[in-house]
**Student:** 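Supplied in structure tokens, the structure appears directly below.
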Amino acid sequence: MKLQTSTLFFSFVLLLCAGLSRGFAQDLPAKFGKVDEKEIAMRLYDQDTSAAAVVLSDYGYSYFIYSKGFKIVFERHTRIKVLKKSGYEVANISVPYYQRNSKKESVYNIKGFTYNQEGGKLTKDKLESKAVFDEQTNENWFAKKFTMPNVKEGSIIEYSYSITSDFLYNLREWEFQSTIPVAYSEYNVRIPEYFHYKQEQQGYLRFDQSTRTNSRDRFTITWSSDLMPGMGGGRTPGGSEQVEASSDVYRWVIKNAPALRPEKYITTLRDYQSKIDFELQTVKYPNSLPQVMTGNWDDVTKDLLMADKFGSQLNRKGFFKAEIAAITAKHTNPEQQMIAIHNLVKSSVKWNNKYGYYTSGPIRKAFENRSGSAADINLMLTAMLQDAGLDAGPVLVSTREHGRVPQGSPMLNKFNYVIAHVKLGDKEYLLDATDPLLPAGMLPVRCLNGQGRLIKKDDQRWVALTPTGKLTKFFNGELTVNPNGGLTGKVMESSTGYNALSLRRTILEDGKEKYAEKISKEIGNYKVEKPEFQNVEDLNQALNINYSLTASGNTQPVDVIYLNPMLGQGETENPFKLEERLYPVDLAVPIDYTHVIRFVIPEGYEVEESPKGAIISLPEDGGKFMYIVQREGNVLQIMSKINMLKPVYFAPEYPYLKEFYNQIVAKHAEQVVLKKISSN
């Protein structure tokens, strides 16, 4: 949205911008070019002795200037201590900036030094301007990149730069956390009274300091001479005058921020990073009415449905008329039509692994080339569904790696994917045709990320991106125990839902023979023979694998036989190792694992020891683990069943989840002991 100044406001220049920058510099946590002896001598970071590097200080400052229009200036000064060789990568710096049409961001005034202690003396290696280069990352995004010179264990690197931006909609965000610890992080923002920004704070760390003060700033307003028409008109002279305006000055500080480290079962670390972001809400110049700058979904939906690479593609349906006519002639049931169209797109166009919600070109071209992006494929799918008379529309999605979408004002850059939505009576389906192994109505795991936005003229809303199935596996074995400790018998593994999806992909990519070899290796000491695969390509049926299982044992009968009921299929390690966890545990899909084994005990042996049964539940019906042991004659049956009933568990539930898996691991490690009955 373009900013326009009132004719009564004319143009002005912020006189104090340079002075403000120098004034803030007096309170900087580190002065550029001067390092402390303690920083040079540091060999480890006390707050995290495993850290390969630590940000000693990170300071940012954003403020406004006016020069042929409002601009935002962002200044940054960062100092990092390298502690280990594995920390050398912190010397590779990338500064992103944005350009669109005539508007742009400019990165300038890049400075940097690397400090080392050599022979008892402090050395400084300067970042040379020729070491800085530009790289384009996509249509509108670029990056200034450079590598700090002469980095070693013990080095301190520091760099600073400035960015001038024409884009006022978003003040530059500030990230208080990184993938290495941050000892000190500070952000200052100075906003003139003409602009009102919404602040979005994220993360689990509290501010050590958070202040808002008010300042009076002087502006010089200048205007050119002008010719006024009419009877009382004439030329009015140009001139200038000084006015005062109020500014809000914000300061945020976080000290000793821990490193963001990858953990199991999360979307993306960016969803949990402590940071602050801004969105322009209104602009109010003197002697003018306020301008509302936030978009609304009505306008965004209208614009998207008219966009050449989005909604316009839904109207270009002529090239597949024959295919849709054949499907509607064959299938009269709307659900069958939906499934047939989904299968048609999956089999016609191969996904090129590119994301996005705008098509790369006309969807007809993707259809003819039999290859396209997620937007090409799923907007084509939507167009075909509509052409068949089904109530369908596109849904904007942010994938798990891209991060969650705030549900306030529309921000299209928060999305990076699109799928199809179909409403049949009182049922709703979400479809993705990028994966030939996905049944209709089942989303890939990458899309299971909160909410998506349905883009339809008369039905625009948020829709839940929830899984339609579970990660389900059923293991059933019947084994005869031999007196020498060996085993012989049959096993059946049955998978549905997301476990079947993953397993089908592996089998088809590796081939059945290679996968049979893989099963043998995973079982360990057990030998797998004659595997038979059922329903590998029938996506609507359970995927079954049947095979013979043997274990050789000793050459002679033994007095004591040890059996592991899980046959190498059990949980051997707790995935939740942290003492406490601040992030949710996001499994994406519920889990249902069932393991049933029947041992036929040899004549002349008795069960001396066997695991005891157990039932362990998570609070509020979040999950259940059942371990049941039954004995009938010479048959010992053991069942282990793990049900994780929710796709997401929040941080307060983590201690229970950790203990839940501790007990599962312990129970799965228990053995059955058979002892030969004494002949006496």
Side-chain angles (χ1 to χ4, degrees), residues 470-494 522-526 549 551 553 557-577 585 587 590-646 649 653-678:
K470 299 179 180 181
L471 198 70
T472 305
K473 180 178 178 180
F474 178 71
F475 181 99
N476 184 37
E478 296 191 15
L479 299 175
T480 298
V481 184
N482 300 318
N484 65 352
L487 297 171
T488 57
K490 301 285 187 180
V491 169
M492 187 269 286
E493 296 183 20
S494 181
E522 286 184 351
I523 300 275
N525 295 326
Y526 305 104
L549 186 70
V558 293
D559 292 335
V560 180
I561 300 173
Y562 297 92
L563 305 172
N564 185 327
M566 299 308 297
L567 298 177
Q569 302 277 328
E571 298 288 341
T572 59
E573 186 178 2
N574 191 335
F576 308 111
K577 301 182 184 304
V585 174
L587 303 175
I591 292 174
D592 185 355
Y593 291 156
T594 303
H595 181 100
V596 177
I597 188 74
R598 296 178 184 85
F599 290 119
V600 179
I601 301 169
E603 187 176 348
Y605 287 79
E606 63 179 357
V607 179
E608 184 176 58
E609 294 181 23
S610 70
K612 294 182 179 179
I615 299 178
I616 304 163
S617 298
L618 286 169
E620 300 180 2
D621 297 323
K624 181 178 285 188
F625 169 59
M626 293 190 297
Y627 196 90
I628 299 174
V629 181
Q630 295 178 326
R631 172 81 182 273
E632 185 174 340
N634 67 333
V635 176
L636 179 67
Q637 176 175 292
I638 297 176
M639 182 188 77
S640 169
K641 188 173 182 64
I642 301 173
N643 278 121
M644 306 295 292
L645 300 176
K646 301 193 301 184
Y649 296 83
E653 300 174 278
Y654 179 76
Y656 304 102
L657 201 58
K658 182 178 180 180
E659 180 57 27
F660 182 75
Y661 265 86
N662 276 339
Q663 296 196 44
I664 292 174
V665 171
K667 184 59 66 175
H668 282 184
E670 293 181 5
Q671 293 188 326
V672 172
V673 180
L674 304 181
K675 187 177 181 181
K676 190 174 183 179
I677 300 171
S678 174

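The structure presented is a predicted model; accordingly, all values stated were derived computationally and were not measured.
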**Student:** Just by distance, do the side chain of Tyr649 and the backbone of Gly622 share a donor-acceptor pair under 3.5 Å?
**Tutor:** yes

**Student:** Compare all side-chain heavy atoms of Lys473 with those of Glu493 and state whether any distance is below 4.5 angstrom.
**Tutor:**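 Yes, close enough: below the 4.5 Å cut-off.
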
**Student:** Can you tell me how far CD of Glu603 sits from CD1 of Ile677, rounded to the nearest 0.5 angstrom?
**Tutor:**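 Rounded to the nearest 0.5 Å, the CD1-CD separation comes to 9.0 Å.
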
**Student:** What distance do Met644 atom CE and Phe660 atom CZ have between them, rounded to the nearest 0.5 Å?
**Tutor:** 5.5 Å

**Student:** Look at the side chain of Lys667 and the backbone N and O of Lys612, then say whether any donor-acceptor pair between them is shorter than 3.5 Å.
**Tutor:** yes

**Student:** Would the distance check show the side chain of His595 and the main-chain N or O of Leu567 forming a donor-acceptor pair, the cut-off being under 3.5 Å?
**Tutor:** no

**Student:** Examine distances only and state if a side-chain atom of Asn482 and a backbone atom of Asn484 form a donor-acceptor pair shorter than 3.5 Å.
**Tutor:** no

**Student:** So, are Glu478 and Arg598 salt-bridged, with charged N and O less than 4.0 Å apart?
**Tutor:** yes

**Student:** By salt bridge (Lys or Arg N to Asp or Glu O under 4.0 Å), which residues pair with Glu608, not counting sequence neighbours?
**Tutor:**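 With sequence neighbours excluded, Glu608 shows a salt bridge (Lys or Arg N to Asp or Glu O under 4.0 Å) to Lys675, given in chain and number order.
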
**Student:** Ignoring hydrogens and geometry, is there a side-chain-to-backbone donor-acceptor pair from Tyr654 to Val585 under 3.5 Å?
**Tutor:** no

**Student:** I need the minimum non-hydrogen distance between Val629 and Ser610, along with the two atoms involved.
**Tutor:**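 Distance-wise, the nearest heavy atoms are CG1-OG, 4.2 Å.
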
**Student:** Which pair of non-hydrogen atoms, one from Leu674 and one from Pro602, has the smallest distance, and what is that distance?
**Tutor:**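 So the minimum-distance heavy-atom pair works out to CD1-CD, 4.3 Å.
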
**Student:** Is any side-chain heavy atom of Glu571 closer than 4.5 Å to a side-chain heavy atom of Ile642?
**Tutor:**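 They are in contact (side-chain heavy atoms under 4.5 Å apart), so the answer is yes.
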
**Student:** Which heavy atom in Ser494 sits nearest to a heavy atom in Met492, and how many Å separate them?
**Tutor:**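 Minimum heavy-atom contact is CB-SD, 3.6 Å.
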
**Student:** Less than 4.5 Å apart, side chain to side chain, heavy atoms only: is that true for Gln637 and Ile628?
**Tutor:** no

**Student:** For Asp559 versus Tyr605, what's the shortest heavy-atom pair and its separation?
**Tutor:** O-CE2, 3.9 Å

**Student:** I need the Met639 CE to Asn476 CG distance, nearest 0.5 Å.
**Tutor:** 11.5 Å

**Student:** Around Lys624, counting heavy atoms of other residues, nucleotides and ligands shown, do more than 12 lie under 6.0 Å from its NZ?
**Tutor:**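 12 or below, so no.
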
**Student:** What pairs of residues pass the ring pair (Phe, Tyr, Trp, His ring centres under 6.0 Å) test when at least one of them lies in residues 614-639, not counting sequence neighbours?
**Tutor:** Phe625-His668

**Student:** Mark yes when over 12 heavy atoms from residues, nucleotides or ligands other than Phe474 sit less than 6.0 Å from its CZ; otherwise mark no.
**Tutor:** yes

**Student:** Kindly compute the distance separating OG1 (Thr488) from OH (Tyr526), expressed to the nearest 0.5 Å.
**Tutor:** 13.0 Å

**Student:** Donor-acceptor check, side chain of Lys577 to backbone of Asn574, threshold 3.5 angstrom: yes or no?
**Tutor:** yes

**Student:** Please tell me if the side chains of Leu563 and Leu487 come closer than 4.5 Å, counting only heavy atoms from C-beta onward.
**Tutor:**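 A side-chain contact under 4.5 Å exists here.
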
**Student:** Side chains of Pro565 and Phe599: closer than 4.5 Å at any heavy-atom pair?
**Tutor:** yes

**Student:** Rounded to the nearest 0.5 Å, what separation is found between the OH atom of Tyr656 and the CD1 atom of Ile616?
**Tutor:** 15.0 Å

**Student:** Check whether any side-chain heavy atom of Ile597 lies under 4.5 Å from a side-chain heavy atom of Leu479, and answer yes or no.
**Tutor:**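 A side-chain contact under 4.5 Å exists here.
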
**Student:** Can you find a pair of side-chain heavy atoms, one from Lys641 and one from Asp592, that are under 4.5 Å apart?
**Tutor:** yes

**Student:** With the side chain counted from C-beta on, respond yes when Ile601 and Val635 share a heavy-atom pair under 4.5 Å apart, and no when they do not.
**Tutor:** no

**Student:** How long is the gap from CG on Leu636 to CD1 on Ile638, to the nearest 0.5 Å?
**Tutor:**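 The CD1 atom of Ile638 is 4.5 Å from CG of Leu636, to the nearest 0.5 Å.
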
